[in-house]
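Below is one structure, written out as structure tokens; comments come after it.
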Amino acid sequence: SVTSARKRRMMGEDERPVGTPVGDLTVHQVGSIAGRMMDRPPVNALDPGLRQAIVAAIGQAASDTGIGALVHAAGPRVAGFCAGTDLAELDGHAPPGPPDLRAVIACIDDCPKPIIAAIRGACLGGGLELVLACHHRVATADAMIGFPEIRLGLIPGAGGVPRLTRLLAPAEVLQMIGTGELRPATHFSGTELFDRIVDGDAVEAAISVAADLVTSRAMRVRDRAVV
């Protein structure tokens with residue numbers, strides 16, 4: 001299909017792959033849709049380098065008149081979407097560097113073009129906060145999300161909890177932030193958390209959503225009313 005061909009090009013799977021490396025992230029463009037593929041094996045931990053690459057890619061797309069929407073996903077070398085903040089920063093073995101996660105999320109908020117997250121595998125902690133800042137979200141049925149850092153006595157610190165209250169009922173939010181349990185995407189079927197939950201490819205579904213939003217300015221999650 002046309003959408004499948006677009007997905008292959010965006011993921012760099014054609015005979016002539018298109019993609020510009022920006023640190024641990026690769027930027028692709030198919031028509032007016034830009035893809036940002038995080039590619040920092042094994043789990044896309046959000047270290048300073050990856051955070052810088054995300055901010056740079058969003059800034060470039062925001063200023064490019066040929067781009068109407070963005071798809072944010074994991075590259076083919078990574079098993080899941082994003083495992084969150086690099087533990088080396090949390091335990092002091094690596095110095096924290098700018099931008100912090102709040103700055104990355106502010107960059108997403110300020111982007112004048114809709115950003116659609118395509119989620120597969122694990123989407124945890126800071127990775128989930130990143131997804132919650134995106135305007136729309138598509139996930140595979142077996143994707144797992146949650147804030148496991150809560151079990152370590154840490155709380156989501158980049159605005160994830162306030163955004164959850166705009167997408168999920170209060171009881172569901174309390175369960176997530178009270179237990180730190182991981183839930184499959186299918187658990188949230190029928191809620192505002194995911195626009196689509198698919199058995200197939202999340203990137204392909206996200207491209208389809210993006211194509212419908214190219215000419216519109218999506219509402220930021222933080223601007224929605226509390227559920």
Side-chain angles (χ1 to χ4, degrees), residues 3-4 6-8 10-11 13 24-26 33 35-46 50 54 69-87 101 104-105 108 114-151 156 158-161 163-169 172-173 175-177 179-210 213 218 221 227:
T3 303
S4 295
R6 286 179 175 176
K7 181 259 178 181
R8 288 195 300 272
M10 188 173 286
M11 293 297 290
E13 295 173 0
D24 293 317
L25 181 145
T26 303
I33 301 172
R36 303 194 323 277
M37 306 298 167
M38 299 183 294
D39 198 21
R40 183 173 182 251
V43 294
N44 274 338
L46 289 165
L50 183 53
I54 293 171
L70 298 88
V71 170
H72 188 78
R77 297 191 303 157
V78 183
F81 180 81
C82 177
T85 301
D86 193 333
L87 293 179
L101 186 56
V104 176
I105 287 174
I108 295 174
I115 301 176
I116 300 90
I119 305 148
R120 59 175 171 79
C123 178
L124 312 176
L128 179 54
E129 294 198 85
L130 189 72
V131 160
L132 291 170
C134 293
H135 304 93
H136 295 272
R137 289 150 299 282
V138 173
T140 57
D142 59 353
M144 299 293 292
I145 71 167
F147 292 116
E149 67 268 32
I150 288 171
R151 298 181 177 184
V161 174
R163 284 180 171 82
L164 269 183
T165 65
R166 287 155 172 77
L167 299 169
L168 297 175
E172 192 67 61
V173 176
Q175 179 70 15
M176 287 188 68
I177 64 174
T179 66
E181 293 178 354
L182 307 187
R183 297 285 181 85
T186 51
H187 177 82
F188 303 97
S189 179
T191 72
E192 295 293 318
L193 184 56
F194 296 117
D195 296 81
R196 298 184 190 177
I197 298 174
V198 298
D199 291 323
D201 193 283
V203 171
E204 185 172 335
I207 292 172
S208 176
V209 172
L213 296 170
V221 171
V227 176

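Please read all numbers here as calculations on a predicted model, not as lab measurements. All residue numbers refer to positions in the sequence shown, counting from 1.
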Answer yes or no: is there a side-chain heavy-atom contact under 4.5 Å between [X] and [Y]?
X: D39; Y: V78; value: yes
X: V221; Y: L167; value: yes
X: E192; Y: V227; value: no
X: R77; Y: P42; value: no

Nearest-0.5 Å distance that lies between atom [atom1] in [X] and atom [atom2] in [Y]:
X: S189; Y: R196; atom1: OG; atom2: CZ; value: 13.5 Å
X: C123; Y: I145; atom1: SG; atom2: CD1; value: 7.0 Å
X: L25; Y: M37; atom1: CG; atom2: CE; value: 9.0 Å
X: M144; Y: R120; atom1: CE; atom2: CZ; value: 15.5 Å
X: L124; Y: L182; atom1: CG; atom2: CG; value: 5.5 Å

Shortest non-hydrogen contact from [X] toward [Y]:
X: G125; Y: P148; value: N-CD, 4.0 Å
X: F81; Y: V131; value: CE2-CG2, 3.3 Å
X: A69; Y: I116; value: CB-CD1, 4.5 Å
X: V198; Y: A205; value: CG1-CB, 3.9 Å
X: D199; Y: A141; value: OD1-CB, 3.6 Å

Quick one: list whatever passes side chain to side chain contact (heavy atoms under 4.5 Å, CB included) with [X], sequence neighbours left out.
X: A143; result: I119, A139, T140, A185
X: P156; result: E129, F147, E149, I150, V161
X: L46; result: L50, R51, I54, C82, L101

Side chain to side chain donor-acceptor pair (under 3.5 Å) involving H135 - partner list, sequence neighbours excluded: none
Test V138 against F194 for side-chain contact (heavy atoms from CB on, under 4.5 Å), laying out the working first. CA-CA 6 Å; V138 173; F194 296 117; over 6 Å; no
Listed by chain and number, what are the salt bridge (charged side-chain N to carboxylate O under 4.0 Å, His left out) partners of R183, not counting sequence neighbours? E172, E181
Output all residues satisfying salt bridge (charged side-chain N to carboxylate O under 4.0 Å, His left out) with R166, sequence neighbours left out; order by chain, then residue number. none
Please confirm whether the backbone N or O of F188 pairs with a side-chain atom of T191, one donor and one acceptor, at under 3.5 Å? yes
Hey, is the main chain of L193 close enough, under 3.5 Å, to the side chain of R137 for a donor-acceptor pair? yes
Run the salt-bridge test on R40 and D86 with the 4.0 Å N-O cut-off and return the result as yes or no. yes
